[in-house]
Every structure is written in structure tokens, then in C-alpha cells.
Amino acid sequence: MPTLVMKFGGTSVANLDRIRRAAKRVGVEVAKGYDVIVIVSAMSGKTNELVGWVNETSPLFDAREYDAVVSSGENVTAGLMALTLQEMNVPARSWQGWQVPLKTTSAHSQARIEEIGTENINAKFGEGMRVAVVAGFQGISDEGRITTLGRGGSDTTAVAFAAAFGAERCDIYTDVDGVYTTDPRICQKARKLDRISFEEMLELASLGAKVLQTRSVELAMRYKVKLRVLSSFEEQSDEAGTLVCDEDEIMESNVVAGVAYSRDEAQMTLRSVADRPGIASVIFGTLSDAGVNVDMIVQDISEDGRTNMTFSLPIDQVGRADKAMDAIKGEELNYTEVVTDSEVAKVSVVGIGMRSQSGVAAKMFKVLSDEGINIKVITTSEIKISVLVDRKYMELAVQALHDAFELDKAA
Ligand code: ADP
Ligand code: ASP
Ligand code: MG
């Protein structure tokens, strides 16, 4: 029988009523003749609560135990979804990551999927089970410990299952009815896209649009998974939601496809660092060893053999970065001080049309300047431009860019 993967995010399984609603939707696909693999998230808010408990118990926690705790929310919803389906007379069984097994690297809290065993689940399908409900976000390492795939990781579980089982489609049910030109929660004029290319979705996700986890888009692109994002709250047709697909399956598109933002950024500047070959390597090598994910970097022009080095990083890694820089201050860098700004955000415009059309950057900077928003750092790639701005201007920047690039209108 053809297989379908259906993933339900936190708000779609937030209580028993919503689980019932989601189960009904699964029942409809089973009735059409599909074997269904359902991937569930934890009930909304649950994972945050679990992370909070870990931090409160042990600020410098052991990552293996972090994963043991934070993966547990998905176990509850998987069992409840299987029970709900059984109540509806749909033969269903739940699976935790280790039971599948879904094997991952041992990079706890950020593990990557290495392999999905299909045998156990296929054997059950062979015995008449129609729905395998799998706990998203979790797996098992070579050492036999529970791992998690990073926040939002159930999306990645879903796409990986679709690839492993050759599913006809991977449907991501969430609390919005598709991928929009920007987050509809901060921009009223955001427009739902019928289609978006893998490349653009990948950039939007990695620049902060959390509607899909970045890694899930990467996997869908690599394994050619037909990926759809749609609402679990609205009546569905086969055309509902947004299809993430190859560029050549999209007829017309705007130069800029969307605007993304990332709120929780910080900026650090090492002032008056000795400027000589190798300093960037020392600074960023040390930060990388300390597990700091540096994003944007600017180095000032040097004066009298000294320079300022500025970089951006996730706000929750500032403590770690401070400690790492402190450790190498004296011996190698000789900088005078570290200045940290924790009130910044990143705003980006993304579009494959930028490859062939110039002037997007100039327009972006003009729009921000007209709004009186100062740009702190800029980075560009072939299909995106990102700026760091004061966090208090983040929403204004997103809305102004959305207006200026007329994203409310289709191409
Ligand atoms: P789930 O719990 O279903 O995984 P998430 O909260 O992880 O849902 O992702 C859905 C949210 O992503 C939406 O509620 C929306 O606020 C946010 N979002 C950010 N950017 C976009 C975008 N471009 N299109 C749609 N939603 C977006
Ligand atoms: N429950 C996990 C999280 O909140 C995984 C997910 O929902 O995708 O990050
Ligand atoms: Mg999510």
C-alpha cells in the first residue's frame, strides 16, 4: 500500500480534543488506502517546561540527561495518539525513537539522523497495522543513549521517515495554513505561498523562520521528498497548504520570496585586537571549540596594527563566548575589552531572483534608512541579504521590507 507521513506539531496535539481532531484526519487518509506514519511533537509548551526543569536542576547539565528529560514529551503524545486511533477502530501502534530504531550521532541535543530501521514497522504493517505513530525529535546513539535532534526536530523526523519509507508525501500539519512571505504573526500583510523552492525555504528556515526545521528542508531536498506544510485546524483539500518543491516547478516568483527574522541574537566586539596573520583563526577557532555558533563577522580597518573584531552569536551562548575569549585574552590577542550588545536581531530577505537581479541590497538599505533603522552588520550570499539591527526595530524592519518589496502581491 502507498505510504503517507503526517506530522503534527505541538499546537496540533495540545490537548486530547486536538489529538482526536488530528486522529480523524489520519483516519481519512487510512480510509483512502494509505498506510500512515504519524510523527508527533510534544504538547505545546511541554518541551519548554522540560528544558526549564533541566536548567533549574543543573545549570551546567549533562547533555545525555538533558536529552533523557526533554525527549519525554513526545512519548506521551505518541501513546495517546495510538490510543485515540484504536478508539476509532484504526489499527495503530506507537514507537519511541529507540524502538524504531532511529539511529543518530551522539551529539546530544543536536544529534543528526544516521539511519532509520524500517524492518520493525514494516513487519507490523504486514500484520495489518495501518498507522505507526512515532515520537518525533528523538533517537538513539551508538552508545545506546537517547538523543534529540535540536528544537523543532520533529519536522526532521518526519522528512527522514518519508525518505526511508518512500512515502508518497510528507505533510507537516501546524498552526498556520502554510509557508508565508514572512511570519504572519508579526506582519498582517504576509501572504501564503502556494509553492516555495527548497533553496528559498532552506534559507528562510536557517535565518529564523521556524515553520520548518532547517535540517528537514535539507533532507527533503536531498532525498526528493514531496513536502507540504498545512493547517491542522482547517478543512483540507489536496491543494491546501504550501508545497516545498524544486525551483523549476514554480512558474512565476518575486525577486524576493520572503523576509525572515531571528530575535535572539547578540553581538560581541573585541576592541583593539593585535592585527596580524592568524588572529581570526585564533578567535574563531577558540569560539568554535567552545561550541559557539558564530554567524556574522566584521573586521574594521586596522590602525597602528590594531583592529576591532565584531561577530554575532545566539544570545544564550554569550556566557560561553565570554569565557572562551577571556581564556585567550592575555597570551595571544591582547584586546582591550569585550563589548557585548544583547539587544539585537537579524532580519533577512531571501529570494532566488537575486541571482539575476541587482539592486536588492541597495533597496533594502534605503528602506531601513528611511525608517531611521541603523544597520550594525551586513552579510550577503547569492540568494539572501541579512542585517543586524536593534531588536526594538525588528518588527518595523520586517514590515517595512515586506511593504517595499510588495510581497503581499503575487508575481
Ligand atoms: P509546530 O509546533 O507545528 O512545529 P512551530 O511553532 O514550530 O509549529 O512553527 C509554526 C510557526 O512558525 C507559526 O506559528 C509562525 O508563527 C512561525 N513562522 C515563522 N515564519 C513563518 C513563515 N514564513 N510562514 C509561516 N509561519 C512562520
Ligand atoms: N517538541 C520539540 C520542540 O519543541 C520538537 C518539535 O516540536 O519539533 O522543540
Ligand atoms: Mg516546529
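Indexing begins at 1, ligand by ligand and atom by atom, following the structure's order.
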Visitor: Taking distance alone, with no angle check, do Ser154 and ligand 2 share an N/O pair under 3.5 Å?
Guide: yes
Visitor: Classify the ring geometry between Phe165 and Phe125 as parallel (under 30°), tilted (30 to 60°) or perpendicular (over 60°).
Guide: perpendicular
Visitor: Using only atom types and a distance under 3.5 Å, with no angle test, would you say the side chain of Asn15 pairs donor to acceptor with the backbone of Arg18?
Guide: yes
Visitor: Name every donor-acceptor pair, under 3.5 Å, that has one atom in a side chain of residues 351-367 and the other anywhere in the protein, sequence neighbours excluded.
Guide:
unit_1, atom_1, unit_2, atom_2, d
Arg355, NH1, Glu247, OE1, 3.4
Arg355, NH1, Glu247, OE2, 3.2
Ser356, OG, Gly353, O, 3.3
Lys363, NZ, Ala404, O, 3.2
Lys366, NZ, Asp370, OD1, 3.3
Lys366, NZ, Asp370, OD2, 3.0

Visitor: Judged by atom type as modelled, is there a donor-acceptor pair below 3.5 Å linking the side chain of Thr156 to the main-chain atoms of Ser216?
Guide: yes
Visitor: Among all protein non-hydrogen atoms, which one is nearest to atom 7 (O) of ligand 2, and what is the separation to 0.1 Å?
Guide: Ser41 OG, 2.9 Å
Visitor: Please determine whether a side-chain nitrogen of the Lys or Arg among Arg20 and Asp17 lies less than 4.0 Å from a carboxylate oxygen of the Asp or Glu.
Guide: yes
Visitor: Among the heavy atoms of Gly153, does any lie under 4.0 Å from an atom of ligand 2?
Guide: yes
Visitor: Check contact between Gly73 and ligand 2, using heavy atoms of the residue and a distance below 4.0 angstrom.
Guide: no
Visitor: Among all protein heavy atoms, pick the one closest to atom 2 (C) of ligand 2 and tell me residue, atom and distance.
Guide: Glu74 OE2, 3.4 Å
Visitor: Geometry only, no angles: is Phe137 polar-contacting ligand 2 at N/O separations under 3.5 Å?
Guide: no
Visitor: What short N/O contacts, under 3.5 Å, does ligand 1 make with the protein, listed by atom pair and distance?
Guide:
unit_1, atom_1, unit_2, atom_2, d
ligand 1, 2 (O), Gly10, N, 3.2
ligand 1, 3 (O), Thr174, OG1, 2.7
ligand 1, 4 (O), Lys7, NZ, 3.1
ligand 1, 6 (O), Lys210, NZ, 3.4
ligand 1, 8 (O), Thr174, OG1, 3.1
ligand 1, 14 (O), Asp175, OD1, 2.8
ligand 1, 14 (O), Asp175, OD2, 3.4
ligand 1, 14 (O), Arg185, NE, 2.9
ligand 1, 14 (O), Arg185, NH2, 2.8
ligand 1, 16 (O), Asp183, OD1, 2.9
ligand 1, 16 (O), Asp183, OD2, 3.3
ligand 1, 16 (O), Arg185, NE, 3.0
ligand 1, 23 (N), Tyr180, O, 3.0
ligand 1, 24 (N), Tyr180, N, 2.9

Visitor: Report the relative orientation of the aromatic rings in Tyr173 and Phe8; use parallel for angles under 30°, tilted for 30 to 60°, perpendicular for over 60°.
Guide: parallel
Visitor: With Val36 as reference, evaluate Met1, Arg25, Glu29 under the side-chain contact (heavy atoms from CB on, under 4.5 Å) test and give the passing residue.
Guide: Glu29
Visitor: With sequence neighbours excluded, what pairs up with Ala163 under the side chain to side chain contact (heavy atoms under 4.5 Å, CB included) test?
Guide: Tyr223, Val225
Visitor: Under 3.5 Å, which donor-acceptor pairs do the side chains of residues 189-196 form with other protein atoms, sequence neighbours left out?
Guide:
unit_1, atom_1, unit_2, atom_2, d
Lys189, NZ, Asp403, OD1, 2.9
Arg191, NE, Leu407, O, 2.9
Arg191, NE, Asp408, O, 3.4
Arg191, NH2, Leu407, O, 3.2
Arg191, NH2, Lys409, O, 3.3
Lys192, NZ, Gly241, O, 2.8
Arg195, NH1, Glu249, O, 3.0

Visitor: Suppose we measure from atom 3 (C) of ligand 2 to each protein heavy atom; which comes out shortest, and what is that distance?
Guide: Arg151 NE, 3.3 Å
